[in-house]
Amino acid sequence: MDGAYVYIVRCRDGSYYVGITRDTLEKRINEHNAGIYPGYTKSRRPVELVFHQEFQWITDAIAVERQLKGWSRT
């Protein structure tokens with residue numbers, strides 16, 4: 001299986017972030033909240049998971065992530 005999750009988190013400032021992971025959702029959200037990676041959510045912590053969808057194939061998850069990233073963050 002080449003599975004993945006697409007997820008949306010709500011940031012402290014009320015904006016949203018769309019991401020993708022092959023790890024568990026719990027691990028990925030914890031990484032966001034720990035500020036491990038530079039980027040959009042690091043200065044907007046804490047984040048809260050508000051949506052996720054599991055996909056069997058990473059390519060399907062990437063396609064949905066790209067579509068969602070076209071939406072407004074607010």
Student: For T41 and R44, indicate whether the former's side chain and the latter's backbone hold a donor-acceptor pair under 3.5 Å.
Tutor: no

Student: Is it the case that the side chain of R45 and the backbone of R12 share a donor-acceptor pair, with hydrogens and angles ignored and the cut-off at 3.5 Å?
Tutor: no

Student: Is there side-chain contact between V47 and R10, with at least one heavy-atom pair below 4.5 Å?
Tutor: no

Student: Atom CZ of residue position R66 - does it have more than 12 heavy atoms of other residues, nucleotides or ligands inside 6.0 Å?
Tutor: no

Student: Do S15 and Y40 meet the criterion of a side-chain donor-acceptor pair at a distance under 3.5 Å?
Tutor: yes

Student: Might you work through the side chain to side chain contact (heavy atoms under 4.5 Å, CB included) test for I8 and L68, ending with a clear yes or no?
Tutor: CA-CA 9 Å; I8 300 175; L68 291 174; 4.3 Å; yes

Student: Looking at CD of E31 and OG1 of T21, how far apart are the two atoms once the value is rounded to the nearest 0.5 Å?
Tutor: 7.0 Å

Student: For residues I29 and Y5: do they belong to one hydrophobic cluster (side chain heavy atoms under 4.5 Å, members Ile, Leu, Val, Met, Phe, Trp, Tyr)?
Tutor: yes

Student: Between F55 and V64, is any pair of side-chain heavy atoms under 4.5 Å apart?
Tutor: yes

Student: On the 0 to 90° scale, with breaks at 30° and 60°, tag the H32-Y17 ring pair as parallel, tilted or perpendicular.
Tutor: perpendicular

Student: If I take atom CD1 from residue I36 and atom NZ from residue K27, how far apart are they, to the nearest 0.5 angstrom?
Tutor: 8.5 Å

Student: Please evaluate residues H52 and V6 with respect to the criterion side chain to side chain contact (heavy atoms under 4.5 Å, CB included), reporting the C-alpha separation (whole Å), side-chain torsions for both, the decisive distance (0.1 Å), and the verdict.
Tutor: CA-CA 6 Å; H52 71 277; V6 170; over 6 Å; no

Student: Are Y37 and L25 joined in one hydrophobic group, where the rule is that I, L, V, M, F, W and Y side chains link up if heavy atoms are under 4.5 Å apart?
Tutor: no

Student: Residues in side chain to side chain donor-acceptor pair (under 3.5 Å) with K69, at least two apart?
Tutor: E65

Student: Does R28 form a salt bridge (charged side-chain N to carboxylate O under 4.0 Å, His left out) with D23? I'd like the steps, not just the answer.
Tutor: CA-CA 7 Å; R28 189 63 181 114; D23 285 328; over 6 Å; no

Student: Quick check on the hydrophobic clustering: are L49 and F51 connected, directly or via other members, by side-chain heavy-atom contacts under 4.5 Å?
Tutor: no

Student: Do you know which two heavy atoms are closest between I20 and A4, and how far apart they sit?
Tutor: CG1-CB, 4.4 Å

Student: Go through the steps for V18 and Y7 under the test side chain to side chain contact (heavy atoms under 4.5 Å, CB included), then give the verdict.
Tutor: CA-CA 6 Å; V18 177; Y7 62 91; over 6 Å; no

